[in-house]
Amino acid sequence: MRFRQVHLDFHTSEAIKGIGSQFSKQQFQDMLKLGHVDSITVFSKCHHGWAYHPSTANEMHPHLSFDLLGAQIEAAHEIGVNTPVYLSAGLDEKLARTHPEWLIRDQNEKTNWSPNFMTPGYHQFCMNTPYVDVLAAQVKEVVTNYDADGIFLDIVDVRECYCQYCVAEIRRRGSDPRQLSDMKQMWEETYFNYTKKMNDAVHDIKPGLPVYHNSSHVARGRRDLAHVNTHLELESLPTGGWGYDHFPLSARYAQTLGMDYLGMTGKFHLSWGEFGGFKHPNALRYEAALSLANGARCSIGDQLHPVGFMDPATYALIGEAYKEVEAKEAWCREVTAISDIALLSVEAASNEEGGTAIDENSKHSDTGAVRILLEGNFLFDVVDTQADLSPYKVVILPDAILITEQIQAKLTAFVAKGGKLLATGQSSLSTDGAGFAFDFGVQWKGVSPFKPSYFKPNFELPALRNASFVMYTEGQDVELSAGGTVLGSKENSYFNRDLFTFCSHQHTPSDLENSGPGMTEGPAGIYVAWNVFEDYALKGSLPVKEFILYALDRLLTDKTLRTNLPAQGVTTLQAQNGSNRWINHLLYASPVRRGQNVEIIEDIPVLHDTEVAITAAEPVREVYLAPENTPLPFRQENGIVSYTIPQWSCHQMVVLQF
């Protein structure tokens, strides 16, 4: 898999003429060179349903007069650029008009994406209909007739559907469409039948050819869904609704799966389908570097104009990022992450049999936890219940991880070998409601009736004097038990805000009375009585972050990496064992909000005198900056390698050569 990919959309209406009329092999090649591109996903079939090549399995766009797909593949291969081929799988608007009975329907027979045929937009297909065979024939045709370097199938996943094919199938099985559990099982089987049929269509002709089924999100805890692919492409356009928090969360999970993967962003100001929208070059530089820092290759989305002319401004923009990636690749191949902490994902735990379903509150917990870990400069992975926990020193159970038998066995073994837990909210409660499954020095009494309540720590926060700090989310009432150490207390408000009992503009103040422990430490680790990670994701409260960092520093006494990198920075440590070296990635950019909920990166400051200390048992022969190959003064004492980076911006790699 290449490092510098462009994902080239081409969703082109039949109402537009002159398709590909300005395509030029030379101009196409010139733009790929300008963009430092080494792989470009080109298109066989778009969301409108048209083929961009002669086809017997589909219909060529009515205003295209030549084989555009073949011309692109020829032009790219001539200069050594790979060409995976894109087919819209879930959408085909041309076919939707002739076979509406093949579309996904809800229980009221409504279509999804576009709600009807009087509203402009696409309609999604059910893979439990004859459409799946039509699509398989289209895939087979491309793999047979073209020298594709992979197949990318878009808009697919396990989908809810009550079309008449699904209703008939569930009744044939002796069940009823009102039996949700049976319908869910059928929907799962529909998706896996689809992936097998498509993978067979590819690999029967070209064994081993890369295939990716894009659902726009790699579900944590669903390794079975991940492994229907030969690799992963993490769609994460920060301005397209994903935000800058999404990719680190997704990537820190993906790297644990042992699969090649790339991070997919876009050149657009907003999201897919935008013509004439551009982000600042610094944003693409940062986003590409973020992929490298997390062990990923890079992909940047573009959309070709209907006339087939590659936009020079776009490829100059992409080239700003990819010329840097090209220089850094040697230090980014075949890497594994070094991590102290495993964050057990709420999403992943909910996908385990018997796990608690995610609700409107807990869906934010993973995001809040990753944000605190990034701002605290911790080395961490996001894991599921199948992960091997032996490499880690601390496991975080954020807010809503109820302990099933499988999780209990895994965490019991982890704690027995000296590992520590950080649990918050209802995490670590057994699924039968009997209480905590691990010894944090407290007994569970129940959900606190007060919201909000307050935390009074027994320690000083770095940025604030001690106080009663408001906790906006749900809390738990607990009681100290033998062997527990209280690290802070819980205080209730005078009363909850109600019609005849309210005070001031927002919520009632603390009654300043100790109502039990708020943070405790026991043999298994530390427990915090609120949904603090949900709290941080939604409110971003400084005290919440600082007392969680205190808890983690208390548990993680032998932290692998320490640095004075500011809170908006990101640091990772990747091992390149084949070259006997570690690569410390440091990134810094500060997104600002422009317009309505659009995060923009424009100005990237120069950072000075960034200090790093890394625990390394083996002697380090040299430390240098990459890709500059500039030696960096360092010292190694008592197993700690220390160095200071005098000046850098956006992304800096520091290589520790053993």
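Quick note: numbers below take in every heavy atom, side chains included, and nothing from hydrogens, waters or symmetry partners. No experiment lies behind these values; they were computed from the predicted model shown.
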Between [Y] and [X], do the side chains contain a donor N or O and an acceptor N or O under 3.5 Å apart?
X    : Y    : result
D399 : T424 : yes
W444 : Q476 : yes
D340 : T560 : yes
N294 : R252 : yes
D366 : S345 : yes
S362 : D359 : yes
S365 : N531 : no
E474 : Q426 : yes
E611 : T563 : no

So, taking the atom named [atom1] in [X] and the one named [atom2] in [Y], what distance separates them when rounded to the nearest 0.5 Å?
X    : Y    : atom1 : atom2 : result
L262 : S236 : CG    : OG    : 12.0 Å
F380 : L552 : CZ    : CG    : 11.0 Å
I407 : S428 : CD1   : OG    : 10.0 Å
I401 : T356 : CD1   : OG1   : 8.5 Å
T557 : K393 : OG1   : NZ    : 8.0 Å
K490 : Y454 : NZ    : OH    : 11.5 Å

May I ask you to decide if [Y]'s main-chain N or O and [X]'s side chain share a donor-acceptor pair within less than 3.5 Å?
X    : Y    : value
S350 : E347 : yes
T412 : Q408 : yes
Y212 : E233 : yes
S430 : G435 : yes
N584 : M653 : no
N351 : A348 : no
S448 : F450 : yes
K328 : A289 : no

Exercise for review: Please step through side-chain contact (heavy atoms from CB on, under 4.5 Å) for the pair T508 and F502, ending with a clear verdict.
Suggested key: CA-CA 7 Å; T508 310; F502 71 91; 5.7 Å; no
Of all the heavy-atom pairs spanning [X] and [Y], show the shortest one and how long it is.
X    : Y    : value
P509 : C503 : CD-SG, 3.9 Å
I601 : A589 : CD1-CB, 3.8 Å
W242 : E235 : NE1-O, 3.0 Å
Q255 : G295 : NE2-CA, 3.8 Å
S481 : V442 : OG-N, 3.2 Å
L656 : Y643 : CD1-OH, 3.8 Å

Note, [X] side chain near [Y] side chain (heavy atom, < 4.5 Å):
X    : Y    : value
Y253 : L343 : no
T615 : D558 : no
L374 : P248 : yes
T610 : T644 : no
S510 : N492 : no
W648 : L586 : yes
L421 : L411 : yes
N214 : V156 : no

**Study point:** Test log, rule side-chain contact (heavy atoms from CB on, under 4.5 Å), inputs F533 and I548
**Key:** CA-CA 9 Å; F533 297 114; I548 290 301; 4.0 Å; yes
When the aromatic ring centroids of [X] and [Y] are compared, is their separation below 6.0 Å?
X    : Y    : answer
W530 : F455 : yes
Y261 : H231 : no
W272 : F268 : yes
F459 : Y550 : yes

Practice item. Give every residue pair that meets the side-chain hydrogen bond (donor to acceptor under 3.5 Å, both in side chains) criterion with at least one member in residues 457-471, sequence neighbours excluded. Key: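 Of all non-adjacent pairs touching residues 457-471, those that pass side-chain hydrogen bond (donor to acceptor under 3.5 Å, both in side chains) are S468-E491.
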Between [Y] and [X], is the closest basic N to carboxylate O distance under 4.0 Å?
X    : Y    : result
K184 : E188 : no
R594 : E599 : no
E375 : K545 : yes
E534 : K539 : no

Check your understanding: With respect to R220, which candidate in V346, V383, D384, L249 satisfies the side chain to side chain contact (heavy atoms under 4.5 Å, CB included) definition?
Key ->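 Among V346, V383, D384, L249, the one that satisfies the side chain to side chain contact (heavy atoms under 4.5 Å, CB included) with R220 is L249.
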Review point. Taking atom CD of E405 as the centre, does the number of heavy atoms from other residues, nucleotides or ligands within less than 6.0 Å exceed 12?
Key: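 It does not: E405 CD has 12 such atoms or fewer within range.
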Exercise for review: Hey, can you tell me if H651 and H585 have their rings parallel, tilted or perpendicular (30° and 60° cut-offs)?
Suggested key: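 Ring orientation, 0 to 90° scale: parallel.
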**Study point:** Stepwise side-chain contact (heavy atoms from CB on, under 4.5 Å) check, Y392 with D381
**Key:** CA-CA 9 Å; Y392 306 106; D381 289 331; 2.7 Å; yes
Practice item. Just do the side-chain contact (heavy atoms from CB on, under 4.5 Å) check on T572 and Q574 with the steps written out, would you? Key: CA-CA 6 Å; T572 66; Q574 302 282 349; 4.3 Å; yes
Exercise for review: Establish, yes or no, whether the cationic atom of K559 lies under 6.0 Å from the six-membered ring centre of F378 and within 45° of the ring axis.
Suggested key: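 Yes.
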Check your understanding: With sequence neighbours left out, what residues match H213 under side chain to side chain donor-acceptor pair (under 3.5 Å)?
Key ->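 Partners of H213 under the side chain to side chain donor-acceptor pair (under 3.5 Å) test: Y194, N199.
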